[in-house]
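Beneath this line is the structure, given in structure tokens, with notes to follow.
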Amino acid sequence: MISEISWTSLWTTLSILDAVLVALAIVSILRRRREPRAMLVWILALLLLPFIGLILFVVMGDPRIARTQRRRYRQRQKLEGSLKQHIQNLKQQHGHPISRAGLAENTTDLMTIAARISRTNPTISNSVSIYHEDEQNFQAILAAIEQAKHHVHLEYYIFQPDETGKTLRDLLVRKANEGIRVRVLVDYIGTWNWPRSFRRSFVDGGVEVAFFLPVVPWRGRWRVNMRNHRKILVVDGLIGFTGSQNIGDEYRGRLAKYGPWRDTHMRLVGPAVHQLQEIFIEDWHYTTGEDVSGDEYFPNPTQEGDQIVQVVASGPDSTTHLMHHLFLSAVSGARKSVTVLTPYFAPDTTMILALQSAAYRGVRVQLLIPTPSNHWMILWSGRSFYEELSQAGVEVYEYDHALLHSKVVVVDDSWAMVGSANMDQRSFHINFEVTTILYNELLAKDLQDDFEALLTRARRITYDSLRQWSFRESLLLGIARLAAPLL
């Protein structure tokens with residue numbers, strides 16, 4: 001009897017506590033005034049999932065975004081003095097004014113928008129090599145690091161402690177032993193599986209390692225959101241790599257679990273490398289407090305090409321949702337065609353309307369998504385939008401032969417975007433991303449040709465086929481659609 005009373009009393013106490021905390025969480029959601037659907041989903045989860053909804057909100061909610069914005073701003077201000085001269089020199093020598101003769105009107109419009117909402121300008125005299133094959137890219141990365149004379153800066157979301165990761169680690173340790181300054185910045189969640197011995201091998205080898213936004217509950221750091229999804233390598237301030245490929249066996253198609261894997265990555269030489277360097281230095285300073293913005297990290301850039309390139313960083317540290325703006329501007333400004341290759345497709349209503357509107361205007365809109373996926377909920381969330389997109393004339397394709405991890409947008413065969421950002425809410429609002437805008441028809445054609453080659457092996461999703469979902473599949477589509485604002 002006493003035991004029953006004790007359990008009843010405990011349950012009552014916990015229920016009251018849950019109700020109070022849920023009320024506080026709902027107040028927090030209402031005061032932040034974010035995307036309405038996301039707000040509603042969180043409120044429903046809190047009300048309909050006692051305790052579980054609260055735990056999910058504590059772990060995955062984003063009430064600390066404003067705090068992150070303030071902290072990033074303060075950290076950036078500390079670097080402002082040392083970085084200002086480098087940025088000014090880059091702008092004067094390799095930025096605006098850029099001759100816009102021969103550029104399409106919508107291309108110059110995007111150039112203006114991107115410059116206004118980011119802190120970077122387009123740069124000239126760049127050389128860009130695009131890699132569609134992961135092994136080729138990985139070997140190019142190893143070759144660039146092998147040639148390092150002063151420093152190597154790496155920033156990755158995932159750096160697996162497997163054969164691929166160990167190969168890169170061994171090279172970095174060797175370069176550090178040769179006197180090269182090597183810094184590795186990895187995301188804490190993306191490298192959660194690092195054994196202590198793997199981390200220790202970097203430190204013992206002279207490599208400086210830092211973890212972005214570590215989750216340490218006993219110190220009040222329990223957020224799994226706001227992850228650093230960027231992929232950046234800078235060698236000697238002269239050569240840069242960026243795109244969608246992480247470090248690991250699966251990203252070279254070596255794991256049977258995922259099968260063939262495909263990314264789009266780039267090697268940059270020229271002034272745009274300084275923009276990658278600036279992003280790394282800010283992220284390193286934010287994580288470690290160390291200022292590495294000295295002149296030696298910004299040598300006079302090599303001018304080997306004639307491409308106009310702009311590297312932009314986006315993330316929750318800015319009140320301007322840069323990637324959302326860029327995607328919308330790209331689709332809205334298209335005149336002939338828009339091709340989108342993304343592994344994770346969970347757009348909001350605004351993005352769906354933009355794609356539909358472009359198709360209604362007569363723009364050929366093509367969307368390619370891989371069927372193999374390491375996040376099945378996002379796959380089904382994207383599928384829940386197929387019917388309305390197809391009705392508007394958007395061509396939707398699924399690719400069965402590999403996990404396409406590339407994040408590519410090509411507009412009018414005249415310019416393109418390649419980077420780490422997916423077409424989902426996390427990339428638009430929550431994660432730290434880096435995107436490279438290529439204002440060059442030859443580079444855009446390279447990406448478009450690769451897209452069309454993939455389409456030859458892809459399945460066109462027709463409107464009729466979308467009417468044949470089973471009861472279980474239609475239910476799954478509805479659940480995934482409901483979760484879209486949180487994916």
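Because the structure is predicted, anything quoted here is derived from the model rather than measured.
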Euclidean distance, [Y] [atom2] relative to [X] [atom1], rounded to 0.5 Å:
X	Y	atom1	atom2	value
D283	E278	CG	CD	10.5 Å
L185	E208	CG	CD	11.5 Å
Q356	S390	CD	OG	10.0 Å
L404	Y344	CG	OH	11.0 Å
L443	T436	CG	OG1	11.0 Å
Y386	L367	OH	CG	6.5 Å

With heavy-atom distances below 4.5 Å as the criterion, would you say the side chains of [X] and [Y] are in contact?
X	Y	answer
N193	Q160	yes
M111	P122	yes
I158	Y251	yes
V269	Q307	no
W284	H153	no
L454	Y399	yes
P316	H429	no
L276	V434	yes

Ring-plane angle category for H274 and F298, please: parallel below 30°, perpendicular beyond 60°, tilted otherwise. perpendicular
Practice prompt. Measure the acute angle between the ring planes of Y297 and H150, then classify it against the limits of 30° and 60° as parallel, tilted or perpendicular.
Written response: perpendicular
Under the 3.5 angstrom rule, does the side chain of [X] hit a backbone N or O of [Y] as a donor-acceptor pair?
X	Y	answer
N440	L442	yes
S414	V411	yes
R361	A334	yes
S427	D424	no
N126	I308	no
Q275	N121	yes
R335	G333	yes
S329	H325	yes
H265	S244	yes
D249	T164	yes

Ion pair [X]/[Y], N-O distance below 4.0 Å:
X	Y	result
R227	D187	yes
E452	K445	no
D413	K336	no
D450	R262	yes

side-chain hydrogen bond (donor to acceptor under 3.5 Å, both in side chains) with S406: of D263, T264, T342, only one passes, and it is T264
Dump the intermediate steps for side-chain hydrogen bond (donor to acceptor under 3.5 Å, both in side chains) on N137 and Q245, then the final yes or no. CA-CA 9 Å; N137 174 66; Q245 186 180 14; 2.3 Å; yes
Please report the C-alpha distance between Y156 and L233 in whole Å, then the side-chain angles of each, then the deciding distance to 0.1 Å, and finally whether the side-chain contact (heavy atoms from CB on, under 4.5 Å) criterion is met. CA-CA 8 Å; Y156 280 91; L233 167 64; 4.2 Å; yes
Answer with yes or no after comparing the ring centroid distance for F159 and F202 against a 6.0 Å cut-off, counting only values under it. yes
Taking the ring of H229 and the ring of Y157, is the distance between their centroids below 6.0 Å?
yes
Exercise for review: Might you work through the ring pair (Phe, Tyr, Trp, His ring centres under 6.0 Å) test for Y286 and F212, ending with a clear yes or no?
Suggested key: CA-CA 9 Å; Y286 177 73; F212 190 87; 5.7 Å; yes
Tell me if the CH2 atom of W192 is crowded by more than 12 foreign heavy atoms within 6.0 Å. no
Check: Crowded around R254 CZ? As in, over 12 foreign heavy atoms under 6.0 Å?
Finding: yes
Inset, instruction - With side-chain contact (heavy atoms from CB on, under 4.5 Å) as the test, would you mind laying out the steps for M351 and F428 before giving the verdict? - result: CA-CA 11 Å; M351 197 71 243; F428 288 163; 4.2 Å; yes
Please name the pair of heavy atoms, one in [X] and one in [Y], separated by the smallest distance, quoted to 0.1 Å.
X	Y	value
S381	A346	OG-CB, 3.9 Å
L322	S118	CD1-CB, 3.5 Å
P343	N422	CG-OD1, 3.3 Å
D236	K149	OD2-N, 2.8 Å
A359	A392	CB-O, 3.3 Å
A421	F327	O-CZ, 4.4 Å

Begin from the C-alpha positions of S314 and E433 and carry the test side-chain hydrogen bond (donor to acceptor under 3.5 Å, both in side chains) through to its verdict. CA-CA 5 Å; S314 59; E433 309 281 1; over 6 Å; no
Give the intermediate values and the outcome of side-chain contact (heavy atoms from CB on, under 4.5 Å) for residues V311 and T120.
CA-CA 7 Å; V311 180; T120 62; 5.8 Å; no
Is there a side-chain contact (heavy atoms from CB on, under 4.5 Å) between L213 and Y188? Walk through the geometry before answering. CA-CA 6 Å; L213 288 184; Y188 182 86; 5.8 Å; no
>> For a side-chain hydrogen bond (donor to acceptor under 3.5 Å, both in side chains) check, start with the C-alpha distance between D134 and H405, then their side-chain angles and the critical distance, and finish with the verdict.
In response: CA-CA 10 Å; D134 295 322; H405 194 245; over 6 Å; no
